[in-house]
Amino acid sequence: MNRDRRRRFDSYPGSVSKRELTVVVLAAGGGTRMKSKTMKVLHQVGGRSMVGHVLSAVRAVEPDRVVAVVGHQREQVGPHIQEWLPDAVLAVQESQDGTGHAVRVAMEALEREGSLGEGTVIVAYGDTPLLQGDSLRAFAAEHEAAQCAVSILSGVVDDPTGYGRVVRDEEGEVLAIVEEKDATRELREIREINSGILAFDAAFLAEALPQLDNDNAKGEYYLTDCIRIAREAGLSVGAYPIDDVRQTEGANDRVQLAELGRELNRRIVTAWMREGVTVMDPATTWIDADVVLERDVTILPGSQLLGATVVAEDAVIGPDTTLKDCEVGVGARVVRTHGELAVVGAGATVGPFSYLRPGTLLGARGKIGAFVETKNAQIGEDAKVPHLSYVGDAGIGEGTNIGAGTIFANYDGVAKHRTRIGRQARTASNSTFVAPVTVGDGAYVASGSVVTKNVAPDALAITRSEQGERPGWAAKFRTMMERRKANRAAE
Ligand code: UD1
Ligand code: CA
């Protein structure tokens, strides 16, 4: 075995057992019912692909090796799998001739790599986003303790339609898995189903795979026929019902995808509440799997925390806020805001109705207020952009106040340029900074100025024309207009 690979997987906590462990993830099917140009296992829930959730669970049990079976759109699926598990072996299944065929392809790929292991082989599917590492670990432990040739992670469900049924004899011994299409009406009544996750003794699997045939209703090589083969050889078979059957549920279409997404979200939100996060309305709060929240964070209704967003203690998010890959500091307040790749400092306030685009960095106690859009903008500590402004490609020093309705004109039609405003500056309402331009520390800019040249520290810049006045003009104008109106009425 590749020693580097072993070291990599060993770095994750909680070893499953002393036996070698191989995990096979089946991800070759096309997922036609998704009606999508995107392969089924790449569809997202909770901020990860479905197969990403599965691989995260697989990684948690520190297998000695992982082999993923890819077929449809393997140019996308393969690299995606290796982003999650760089050491995963990819096995290509050219045509999807059944789960038994897929596992045979997986074993052949391991053999070619010279890393066909012994011990236990777990087979899982790439489309079960609720699967947890703990469940795989417990199942592997039960399988190994019972010294079975093959074990089934089963489930008892109200509606077994579509699943393979676990057939037991009077003593409760497992005899076979019979697929729905091959089952008699009597067998279809069985409510114990094959979740799809199976555990094998590696030596038995190697003997059983060549014995599979495709003489069945679907004309496929069923992996599940290994159970009958084991029993015929007098070997023991176990079936362990999982309490939380949803963990093994797959999404075949977008309706199921949405249902699993909602359930995943419910679990994530519940877990954060148990960790000390206040969520006012769990039903309208969406939190991705990779989000990190500290204690005493408060999330108000209608908020989505997505991607790798991190929110620190005592911060309040929402209502109606979406943050993707954002970082929010201790005690900050973000109200009715859309943010992406932005950092909000401790004690800062954002919103309502703010749009934080990538590269926004708001310092501690700073403020980005109503109807303000920011992009690639570093706004210093205690600095404020309170109202109706666009701040793009800008640096604003600490303690500076930007007046209402200020535009940082960063684009000359060809290239983007930067504006630098120093510390403790005061720029008045309705100014435009035509980049590249620099305003020194402590400078003032008069309202309505279009600033095209640098402003020295502590200076006042004023670019608008001086105000003139025509005494009595308005009164004369009104008299003239009234006379016109009277003439028109007389015509
Ligand atoms: C399979 C099981 C069934 C179980 C059910 C649970 C078999 C024969 N049947 O049925 O007992 O109750 O799952 O969901 O194993 N795949 C490949 N290559 C193939 C065929 C399938 O990679 O050649 C992958 C698919 O992408 C999918 C998974 O294996 O992720 C299951 O295949 P599918 O055809 O959906 O099996 P089911 O008929 O649902
Ligand atoms: Ca299926």
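Both ligands and their constituent atoms are indexed starting at 1 by order of listing. For the single chain, residues carry numbers from 1 onward in sequence order. We use all heavy atoms of the structure for the numbers below, so side chains are in, but hydrogens, waters and symmetry mates are not.
Close contacts between ligand 1 and Y222 involve ligand atoms 8 (C) [criterion: under 4.0 Å to a heavy atom]. For ligand 1 and S195, the ligand atoms under 4.0 Å from any heavy atom of the residue are 6 (C), 14 (O). Remark: ligand 1 atoms within the under-4.0 Å shell around heavy atoms of G164 are 3 (C), 4 (C), 11 (O), 12 (O). Numbered from 1 in the order shown, with element, the atoms of ligand 1 that lie under 4.0 Å from a heavy atom of L26 read 22 (O), 24 (C), 29 (O), 30 (O).
Ligand 1 has no nitrogen or oxygen under 3.5 angstrom from a nitrogen or oxygen of V69. At a 3.5 angstrom cut-off on N or O pairs, G98 counts as close to ligand 1. Taking distance alone, with nitrogen or oxygen atoms compared against 3.5 Å, G29 approaches ligand 1 more closely than that limit. Residue D127 has no N or O atom closer than 3.5 Å to an N or O atom of ligand 1. Below 3.5 Å of separation, one finds an N or O of K218 facing an N or O of ligand 1. Between G126 and ligand 1, no pair of N/O atoms sits closer than 3.5 Å. The shortest N or O to N or O distance between Y163 and ligand 1 is not below 3.5 Å.
A salt bridge does not link E173 to R168: none of the charged nitrogens lies less than 4.0 Å from a carboxylate oxygen. In summary, R19 and D201 engage in a salt bridge, as defined by a charged side-chain N under 4.0 Å from a carboxylate O. Using a cut-off of 4.0 Å between Lys/Arg side-chain N and Asp/Glu carboxylate O, R357 and E340 are scored as not salt-bridged. The pair E259-R262 does not count as a salt bridge, with every side-chain nitrogen at least 4.0 angstrom from each carboxylate oxygen. Ion pairing between R418 and D393 fails under the 4.0 Å rule for side-chain N and carboxylate O. A salt bridge is defined here as a Lys NZ or Arg NE, NH1 or NH2 lying under 4.0 Å from an Asp or Glu carboxylate O, and R112 with E108 fails to meet this definition. Taking 4.0 Å as the cut-off between side-chain N and carboxylate O, R65 and E20 count as a salt-bridged pair. Ion pairing between R165 and E180 holds under the 4.0 Å rule for side-chain N and carboxylate O.
We find the CD-OH distance between Q211 and Y221 to be 13.5 Å, quoted to the nearest 0.5 Å.
Not a single heavy atom of G250 sits closer than 4.0 Å to an atom of ligand 1. Using 4.0 Å as the threshold, H101 has no heavy atom nearer than that to any atom of ligand 1. For E220, the heavy-atom gap to ligand 1 stays at 4.0 angstrom or more. Distances shorter than 4.0 angstrom occur between a heavy atom of D97 and an atom of ligand 1. Assignment of T224 to the shell around ligand 1 is supported, since a heavy atom sits closer than 4.0 Å.
Annotation: ring pair (Phe, Tyr, Trp, His ring centres under 6.0 Å) contacts involving residues 328-368, sequence neighbours excluded, comprise H338-Y355, F353-F371.
Of all the heavy atoms of A28, the ones lying under 4.0 Å from any atom of ligand 1 are found in both the backbone and the side chain. When non-hydrogen atoms are compared, ligand 1 lies under 4.0 Å from the side chain of E179 (C-beta onward) but not from its backbone.
Listed by chain and residue number, nothing satisfies the ring pair (Phe, Tyr, Trp, His ring centres under 6.0 Å) test with Y411 (two or more places apart in sequence, or in another chain).
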